[in-house]
Amino acid sequence: MSKIQKPIGTYDLLPDESVLWQKLEDRIRRMFRSYNYSEIRTPMFEYTELFARGVGESSDIVSKEMYTFVDRGERSLTLRPEGTAGVARAFIENGLAQKTPGAVKLWYFAQMFRYERKQKGRYRQHVQYGCEVFGAPGPDIDLELLLMLHQFYQSLGLDELNLKINSVGSPECRPQYRERLLEFMKPHMDRMCGDCHRRAETNPMRMFDCKNETCQEILADAPKLIDHLDDDSKRHFEAIKTGLNEFQVPYQVDPNLVRGLDYYSKTAFELSYAPLGSQGVLTGGGRYDGLVEQLGGPSTPGIGFGAGMERLVLILRETGKIDNLTAEAPIDLYVVAMGEQASLKANGILMEMRAAGARCERDFTGKSMRKQIQAADKLGARFALMLGDNEIESKTLVVKNLKEGSQNELSWSDDLGELKTLIGV
Ligand code: HAM
């Protein structure tokens, strides 16, 4: 029979790799905890309308990349392509604003689904760690997010990072700018691609997302929103730049950075690993002050970011920065048991030691005692405990230190105190 393969654009995370993922997940959790974020987990699918209204019909994500299906109840549902819309929906639906004094700071670690062309670092199912903050209008939270990311990537040893920032303004200045942009584009539209014609109709700023070279060349000379900001957006942007300068975080202002989602207002940013070019975008985010209202909630400012796990792993591998992360704690104790009685007793010892925090293993394949010790050694276990009929009768524990080759005889008490002391748990 022919073999069935995984769907295009997906991957299996094998045990070798999952160790690195777990370590990174721990670091991510620690980072968010230290900045006082709480975790949120929202459904993997939502009503399609949420993304159409939240992310925007004119975005590539909604118009080309969503996994949308009709369920048995004739409802249109979509596998979540990004995290912000679902978290904003949950924020409104669960009345989280009333439950927390001050800004609501939420983080997530979640699978996302986008029908994208297969490419290095680009998947149809990918994982993002990210956060969303609701109820913080000023630039101090924008700065805190950027500093947190900078600190995090530095702690992983990644320094060739490129932080690009821009302001996409507010609903006050955008309509005027839209007219200006359309005016500039009018004589060039016959050279623009079909997608850009559609974008000019629905949301002209989306033209800046276009990857087509001719379109990009024309847009290079187009007027930029950053030069036409209202006073409030201007002040907001200046404050972020001052903060980044103060903390010596290098950045570049990129007036073409509009980000591919419609909900952004004021701050937009992307952090990439410079040597990898466009595949190296590690994190994208920004402010979305109108989104909560757009989704039927009370007017509430918002800001957040999403960061690709696969790209982080790829970059850590390519730069060789994973060794200090992947060093696994060794197995503390391998119980070498021979005979039915010993096998049964081994369970009790293993349970007690595991409850105390030791990492333990035993044999399940019927190996001889000699072969079991060899297996323990091969697995890198620190200690092997020998358990046969003699030991059970004499109530002694014979423990070999596999690293040093020495051997100890310990007394067998209910709480295994001596064994725990020897192993250090
Ligand atoms: P995004 O830029 O579309 O933003 O995605 C965020 C990050 O997810 C990207 O920078 C990239 O690292 C990773 N990513 C995106 N698509 C893929 C893919 N197909 N394969 C692998 N990695 C990918 C958002 O999704 C916004 N929700 C971010 C946000 C949160 N803005 C405000 N709050």
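Counting convention: from 1, in listed order, for ligands and their atoms alike.
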If you draw a 6.0 Å radius around [atom1] in [X], do more than 12 non-hydrogen atoms from other residues or ligands fall strictly inside?
X	atom1	answer
R180	CZ	no
Y47	OH	no
M189	CE	yes
Q119	CD	yes

Does F32 have R30 sitting over its ring (NZ/CZ under 6.0 Å from centre, angle to axis within 45°)? no

Does the structure place the NZ or CZ of R80 under 6.0 Å from the centre of the six-membered ring of F45, at an angle of no more than 45° from the ring's axis? no

Please could you name the atoms of ligand 1 that [X] approaches to less than 4.0 Å, counting only its heavy atoms?
X	answer
G306	6 (C), 7 (C), 28 (C), 29 (C), 30 (C)
G284	10 (O), 28 (C), 29 (C)
T283	10 (O)
E116	16 (N), 17 (C), 18 (C), 19 (N)

Listed once per pair and sorted, the ring pair (Phe, Tyr, Trp, His ring centres under 6.0 Å) pairs that draw on residues 249-289, sequence neighbours left out: Y263-Y288

Does the side chain of N245 pick up a donor-acceptor pair with the side chain of T242 at under 3.5 Å? no

Option whose closest heavy atom lies nearest to atom 26 (C) of ligand 1, chosen from Y263, Y115, F305: Y263

Quick one: does ligand 1 sit under 4.0 Å from the side chain of [X], the backbone, both or neither, non-hydrogen atoms only?
X	value
L282	backbone
R122	both
E132	side chain
F113	neither

Among protein heavy atoms, which sits nearest to [atom], and what does the distance come to when rounded to 0.1 Å?
atom	result
atom 18 (C) of ligand 1	H126 ND1, 3.4 Å
atom 1 (P) of ligand 1	R259 NH2, 3.6 Å
atom 30 (C) of ligand 1	T84 OG1, 3.0 Å
atom 21 (C) of ligand 1	G121 O, 3.3 Å
atom 5 (O) of ligand 1	Q128 NE2, 3.4 Å
atom 27 (N) of ligand 1	E82 OE1, 2.6 Å
atom 31 (N) of ligand 1	Y264 OH, 2.6 Å
atom 20 (N) of ligand 1	Y123 N, 2.9 Å

Nearest 0.5 Å please: distance from the CG atom of L149 over to the CG atom of L271. 6.0 Å

Sequence neighbours excluded, the answer for side-chain contact (heavy atoms from CB on, under 4.5 Å) partners of H126 is M112, R114, Y123, Q128, E310

Taking side chain as C-beta onward, heavy atoms only, is L316 less than 4.5 Å from L312? yes

Report yes if V281 has an N/O atom closer than 3.5 Å to an N/O atom of ligand 1; otherwise report no. yes

Polar contact flag for G308 and ligand 1 (N/O pairs, less than 3.5 Å): yes

Any G285 heavy atom less than 4.0 Å to ligand 1: yes

Within the 6.0 Å centroid threshold, strictly below: F109 and Y129: no

